[in-house]
Student: 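For reference, the structure I am asking about is given below.
Bear in mind the structure is a predicted one, so any value in this text is a computation, not a measurement.
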Amino acid sequence: MLEKNISLSGKTILVTGAAGFIGANLVMALLRTGEELRIVGMDNLNDYYDVSLKEFRLRQIEELQKETRGSFAFLKGDIADKAVVDEVFHTWKPQIVVNLAAQAGVRYSITNPDAYIQSNVIGFYNILEACRHSYDNGAAGVEHLVYASSSSVYGNNQKVPYSTEDQVDNPVSLYAATKKSNELFAHAYAKLYGIPATGLRFFTVYGPAGRPDMAYFGFTNKLLAGETIQIFNYGNCKRDFTYIEDIVTGVLEVMQRRPLSNGDGVRYKVYNIGNQQPENLLDFVEILETELKQAKVLPEDYDFEAHKELVGMQPGDVEVTFADVSELERDMGFKPATSLREGIRKFARWYREYYI
């Protein structure tokens with residue numbers, strides 16, 4: 001296990017995508033550490049999904065901040081705007097950077113590729129350049145860059161579970177290609193400029209106040225509206241669902257451990273963060289049905305069968321995602337463990353409180 005080599009206490013931490021699902025939960029987890037730290041949150045609050053949900057998360061942060069020793073400053077801005085990013089780094093001088101800002105979604109990348117190039121490629125390049133120049137004129141600079149990658153980089157990898165040692169050169173979506181590019185860019189900057197960088201390949205993150213474009217959330221919306229849900233590949237898909245609290249715990253652990261040199265002087269590492277237990281989509285839908293009824297989001301007599309449709313595979317999708325998290329467990333002493341049923345139950349209860 002790697003020793004913790006970065007203390008969060010007294011640090012200035014930049015979290016991009018701070019109004020997003022993972023970003024907002026990370027900010028709240030940082031505030032709950034009880035440390036005196038300064039958190040700078042940046043987000044462009046785009047309308048890819050309901051902005052009111054992002055505003056809800058920011059209100060949660062504001063309420064929590066009143067009870068903690070940490071501070072939080074929110075800046076509305078786009079990482080694709082180089083001048084904005086440079087100004088944030090110049091003004092706040094972050095010591096730890098967690099880049100979670102990105103255009104998400106596999107299917108959306110097929111119809112709206114420009115958004116992915118702007119945010120995931122140009123935006124990430126701007127973050128890397130700002131980290132690089134944080135060392136100018138003898139300044140201490142950024143101590144650790146942590147950034148979001150994705151399980152999508154594995155494409156249709158036939159070997160399971162997915163290991164970070166596997167080749168990931170065959171993306172099946174533009175989204176996956178942009179995330180792989182992030183890993184390549186980060187490695188180059190770690191090599192050329194000595195920026196300690198760690199990438200995190202997230203596996204199907206879910207939970208309360210999550211992204212409405214994800215299946216569990218979108219299905220719930222449609223079922224409540226009496227619409228039909230489509231289950232792709234006729235239900236013959238498996239997903240490694242990972243609960244948001246497990247994801248955030250993993251990010252917190254990684255933030256405090258800069259990667260060691262891999263033998264050629266490059267301080268660079270990539271980890272999987274997944275539950276290591278793929279769930280069949282039909283089983284997932286059954287769990288969702290049970291928990292939505294239990295939480296009284298849907299009535300006990302709701303006819304799920306009448307609102308389900310089995311359809312073929314969609315472009316950009318993969319049949320299985322399955323994380324090998326042995327390296328995460330070895331280096332951090334942690335691995336996700338929240339069961340899908342427990343996580344969906346918490347989501348269903350939140351959904352009823354928020355929407356009904």
Student: If you compare all heavy atoms of Gly235 against all heavy atoms of Ile231, which two are closest, and at what distance to 0.1 Å?
Tutor: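 Smallest interatomic distance, heavy atoms only, reads CA-CG2, 3.7 Å.
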Student: Is it true that atom NZ of Lys159 has more than 12 heavy atoms of other residues, nucleotides or ligands lying nearer than 6.0 Å?
Tutor: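 Yes.
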Student: Between Trp350 and Tyr355, what is the ring plane arrangement, given parallel below 30°, perpendicular above 60°, and tilted in between?
Tutor: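 Ring orientation of Trp350 relative to Tyr355: perpendicular.
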Student: Determine, stepwise, if the pair Glu183 / Tyr268 fulfils side-chain hydrogen bond (donor to acceptor under 3.5 Å, both in side chains).
Tutor: CA-CA 9 Å; Glu183 297 179 4; Tyr268 169 86; 4.5 Å; no
Student: Please determine whether ring-ring contact (aromatic ring centres under 6.0 Å, His included) holds for the pair Tyr108 and Tyr48, giving the CA-CA distance in whole Å, both sets of side-chain angles, and the decisive distance to 0.1 Å.
Tutor: CA-CA 9 Å; Tyr108 190 67; Tyr48 171 63; 4.9 Å; yes
Student: Please give me the minimum heavy-atom distance between Ala24 and Arg57, naming the atom from each residue.
Tutor: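 For Ala24 and Arg57, the tightest heavy-atom pair comes out as CB-CB, 3.7 Å.
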Student: Got a salt bridge between Arg59 and Glu62, using NZ or NE/NH1/NH2 to carboxylate O under 4.0 Å?
Tutor: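 Salt bridge absent between Arg59 and Glu62.
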Student: Using every non-hydrogen atom in the two residues, find where Arg258 and Asn5 come nearest and quote the distance to one decimal.
Tutor: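 For Arg258 versus Asn5, the nearest heavy atoms are N-OD1, 2.8 Å.
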Student: Crowded around Glu227 CD? As in, over 12 foreign heavy atoms under 6.0 Å?
Tutor: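 Atom CD in Glu227 is crowded, with more than 12 foreign heavy atoms closer than 6.0 Å.
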Student: Taking the side chain from Asn120 and the backbone from Gln103, do they hold a donor-acceptor pair closer than 3.5 Å?
Tutor: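 Answer holds: yes.
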Student: Could you check Thr12, Ile39, Ile13, Val142 and say which one makes a side-chain contact (heavy atoms from CB on, under 4.5 Å) with Ile96?
Tutor: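 Among Thr12, Ile39, Ile13, Val142, the one that satisfies the side-chain contact (heavy atoms from CB on, under 4.5 Å) with Ile96 is Ile13.
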Student: Does Arg201 qualify as a cation-pi partner of Tyr154, given the criterion of NZ or CZ under 6.0 Å from the six-membered ring centre and within 45 degrees of its axis?
Tutor: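 The answer is yes; both the distance and angle limits are met.
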Student: Any chance you could lay out the ring-ring contact (aromatic ring centres under 6.0 Å, His included) test for Phe241 and Tyr243, step after step, and finish with the verdict?
Tutor: CA-CA 7 Å; Phe241 293 95; Tyr243 190 62; over 10 Å; no
Student: Determine whether Phe203 and Leu100 fall in the same hydrophobic cluster, where Ile, Leu, Val, Met, Phe, Trp and Tyr are linked whenever their side-chain heavy atoms lie under 4.5 Å apart.
Tutor: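 No; tracing contacts between hydrophobic side chains, which count when under 4.5 Å, never links both residues.
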Student: Does the structure place the NZ or CZ of Lys54 under 6.0 Å from the centre of the six-membered ring of Tyr49, at an angle of no more than 45° from the ring's axis?
Tutor: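 Yes, cation above the ring, under 6.0 Å and within 45°.
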Student: Using 0.5 Å steps for rounding, measure from the CD atom of Gln294 to the CZ atom of Arg352.
Tutor: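 Here the rounded value is 12.0 Å.
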Student: Among Phe217, Tyr206, Phe21, which one satisfies ring pair (Phe, Tyr, Trp, His ring centres under 6.0 Å) with Phe347?
Tutor: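 By the ring pair (Phe, Tyr, Trp, His ring centres under 6.0 Å) criterion, Phe347 pairs with just one of Phe217, Tyr206, Phe21: Phe217.
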Student: Step through the shown structure and confirm whether more than 12 heavy atoms of other residues, nucleotides or ligands are within 6.0 Å of CG on Asp50.
Tutor: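 Yes, the 6.0 Å shell around CG holds more than 12 heavy atoms from other groups.
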Student: For residues 307-315, run the donor-acceptor check on the side chains, cut-off 3.5 Å, and write out each pair with its distance to 0.1 Å, sequence neighbours left out.
Tutor:
unit_1, atom_1, unit_2, atom_2, d
His307, ND1, Asp303, O, 2.8
Lys308, NZ, Glu305, OE2, 2.8

Student: Does Lys180 have more than 12 heavy atoms from other residues, nucleotides or ligands lying within 6.0 Å of its NZ?
Tutor: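 Enclosed.
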Student: Does the pair Asp240 and Thr321 meet the rule for a side-chain hydrogen bond (donor to acceptor under 3.5 Å, both in side chains), with working shown?
Tutor: CA-CA 6 Å; Asp240 202 345; Thr321 62; 5.8 Å; no
Student: I need the minimum non-hydrogen distance between Asn275 and Thr242, along with the two atoms involved.
Tutor: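 Here Asn275 and Thr242 meet closest at N-OG1, 3.3 Å.
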Student: So does Lys11 have more than 12 non-hydrogen atoms from other groups sitting under 6.0 Å from NZ?
Tutor: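 Atom NZ in Lys11 is crowded, with more than 12 foreign heavy atoms closer than 6.0 Å.
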Student: Check whether the side chains of Thr338 and Glu245 place a donor and an acceptor atom closer than 3.5 Å, and report yes or no.
Tutor: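 Side chains of Thr338 and Glu245: no pair found under 3.5 Å.
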Student: Measuring from Asn170:CG to Asn157:CG, what's the distance to the nearest 0.5 Å?
Tutor: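 The CG atom of Asn157 is 9.0 Å from CG of Asn170, to the nearest 0.5 Å.
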Student: How many angstroms lie between atom CG of Leu252 and atom CG of Leu8, to the nearest 0.5 angstrom?
Tutor: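 Between Leu252 CG and Leu8 CG, I get 7.0 Å after rounding to 0.5 Å.
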Student: Might you point out which heavy atoms bring Asp166 and Pro161 nearest each other, and give the distance in Å?
Tutor: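 So the minimum-distance heavy-atom pair works out to OD2-O, 4.1 Å.
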Student: If two hydrophobic side chains count as joined below 4.5 Å and joins carry through other members, does Val146 share a cluster with Val325?
Tutor: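 Shared cluster, yes.
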Student: Please report the closest heavy-atom contact between Asp86 and Ala130, naming both atoms and the distance.
Tutor: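 Closest approach of Asp86 to Ala130, heavy atoms only: OD1-CB, 4.1 Å.
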